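Presented below is the structure to which this report refers.
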Amino acid sequence: MWSLGLLKTMKDPKYMVFSDTKIVMIKDMYPKAEHHFLVLPHEEITNLKKVTEKDIPLLEYMFEKAKQYTSKHFPDVEFKFGYHAQPSMHRLHLHVISKDMNSEFLKNKKHWNSFTTEFFMNSSDILRQLKTSGKIKFPSAAECELMMKRELKCHRCNLVFPTIPKLKQHIRSHRAD
DNA sequence: GTTCTAGAAC
DNA sequence: GTTCTAGAAC
């Protein structure tokens, strides 16, 4: 089953960039930016929906290790850290992705909107919610569907583009900024 | 999650 | 005619 693919990838030395007793950090097999990693716990947490107050220390640890890794290896690159509201793959995974969004693997509207709308839930927001209310507020399935269908808007300058190829061409032009 | 491809959109 | 999207995958 394809949705179990991450469980195999997280054991593959070819993709692993860091691991310890609690977590594994891997390269995303289909990076949606110039740098894109995933941080996964060894603990069998299926997804963000299963996360509760008791997992706060683990989520903080994942976030801290991700920040340590990127600041050490890519001190000049800006990253964002967060979770998809409706992940496709099993095992909780924190996306660690550079803000360029420039990648040959970014091919469709869902790819784009899953990282540039509220579908992407920042790690710091998730932790704040867990600490203040003990739970996480998710967008509904209908809201997620609408977010995925949203217009293609540049995350840097808010310009709107009619197609993915036009958007991608524009995104590349921001690299020289 | 990706690949493939029919047919919509241009 | 070509580009591009969107839905099936047994």
Side-chain angles (χ1 to χ4, degrees), chain A residues 1-19 23-51 55 58-59 62-63 66 69-70 79-123 126 136 138-174:
Chain A
M1 184 59 170
W2 59 262
S3 61
L4 301 175
L6 279 183
L7 303 181
K8 188 181 281 185
T9 311
M10 67 187 283
K11 294 175 193 155
D12 189 339
K14 187 163 170 281
Y15 291 98
M16 193 182 295
V17 297
F18 172 84
S19 79
I23 62 165
V24 174
M25 185 164 175
I26 60 174
K27 293 182 192 172
D28 191 297
M29 208 179 275
Y30 301 93
K32 304 305 187 297
E34 291 179 16
H35 308 283
H36 186 181
F37 304 94
L38 304 175
V39 180
L40 311 95
H42 291 297
E43 192 181 338
E44 290 182 22
I45 302 173
T46 305
N47 58 45
L48 196 60
K49 297 248 158 78
K50 303 283 184 192
V51 165
D55 301 310
L58 177 63
L59 264 65
M62 290 163 64
F63 191 20
Y69 184 86
T70 54
F79 282 85
K80 55 182 183 179
F81 308 85
Y83 301 85
H84 279 160
Q86 238 176 26
S88 305
M89 308 291 276
H90 283 212
R91 186 56 57 89
L92 179 68
H93 53 283
L94 171 65
H95 285 275
V96 178
I97 184 166
S98 56
K99 292 184 179 178
D100 52 85
M101 297 306 291
N102 176 44
S103 164
E104 59 175 305
F105 297 104
L106 202 157
K107 295 176 177 175
N108 59 47
K109 188 173 255 190
K110 184 170 182 184
H111 289 158
W112 182 256
N113 284 334
S114 68
F115 288 100
T116 60
T117 67
E118 313 87 83
F119 190 87
F120 189 86
M121 303 171 75
N122 283 307
S123 177
I126 295 290
I136 303 165
F138 290 96
S140 69
E143 285 169 327
C144 286
E145 201 175 330
L146 284 175
M147 288 188 260
M148 293 302 94
K149 289 180 175 168
R150 218 125 90 186
E151 60 192 359
L152 296 169
K153 185 187 281 187
C154 174
H155 61 312
R156 294 211 189 275
C157 67
N158 289 339
L159 267 177
V160 174
F161 293 86
T163 66
I164 286 283
K166 296 237 166 56
L167 171 70
K168 291 188 65 165
Q169 183 180 31
H170 167 80
I171 291 308
R172 285 193 293 274
S173 76
H174 274 303

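Every chain is numbered from 1, with letters handed out A, B, ... down the list of sequences. Treat the numbers as computed from the prediction; the structure is a model and nothing was measured. Side-chain atoms are counted along with the backbone in the values below, which use heavy atoms only and exclude waters and symmetry mates.
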Rounding to an integer number of Å, can you tell me how far A:Leu106 CG sits from C:dC4 P? 15 Å
Rounded distance (Å) that lies between atom P of B:dG1 and atom NE2 of A:His93: 7 Å
Looking at every strand, decide which applies to A:Thr163 at a 4.0 Å heavy-atom threshold: base, sugar-phosphate, or nothing. sugar-phosphate
Nearest to the A:Lys107 side chain among C:dT5, B:dG1, B:dT3, which nucleotide is it? B:dT3
Scan every strand shown for a Watson-Crick or G-U wobble partner of B:dT5, both distances under 3.5 Å, and answer none if you come up empty. C:dA6
How many Å lie between NZ on A:Lys166 and C1' on C:dT2, as a whole number? 12 Å
Separation of C:dT5 atom P from A:Met148 atom CE, nearest Å, is 16 Å
When you measure from the side-chain N and O atoms of A:His90 to the phosphate of B:dG1, is any distance below 4.0 Å, counting only OP1 and OP2? no
Separation of A:Trp112 atom CH2 from C:dC4 atom C1', in whole Å? 17 Å
Distance, rounded to the nearest Å, where A:Asn108 contributes CG and B:dT2 contributes C1': 10 Å
Classify A:Pro87 by what it touches in the nucleic acid, base, sugar-phosphate, or nothing, heavy-atom distance under 4.0 Å. nothing
Name the residue from A:Val39, A:Val24, A:Ile23 that meets the side-chain contact (heavy atoms from CB on, under 4.5 Å) definition with A:Phe18. A:Ile23
NZ (A:Lys49) with more than 12 external heavy atoms under 6.0 Å: yes
Round to a whole Å and report the spacing from CD1 of A:Ile26 to P of B:dG1. 14 Å
Considering just the side-chain nitrogens and oxygens of A:Lys32, establish if one lies under 4.0 Å of OP1 or OP2 belonging to B:dT2. yes
Does A:Lys27 have more than 12 heavy atoms from other residues, nucleotides or ligands lying within 6.0 Å of its NZ? no
With a 4.0 Å cutoff (strictly under), does any side-chain N or O of A:Lys110 reach OP1 or OP2 of C:dA6? no
Between P of B:dG1 and OH of A:Tyr15, the distance in whole Å: 16 Å
Criterion side chain to side chain contact (heavy atoms under 4.5 Å, CB included) on A:Leu92 and A:Tyr83, from CA distance to verdict: CA-CA 8 Å; A:Leu92 179 68; A:Tyr83 301 85; 3.6 Å; yes
With distance as the sole test, does A:Trp112 use its side chain to make a donor-acceptor pair with the main-chain N or O of A:Lys168 at under 3.5 Å? no
Under 4.0 Å, heavy atoms only, any strand: does A:His111 hit a base, just the sugar-phosphate, or nothing? sugar-phosphate
Looking across every strand, which nucleic acid part, if any, lies under 4.0 Å from A:Ile164 by heavy atom: base, sugar-phosphate, or nothing? sugar-phosphate
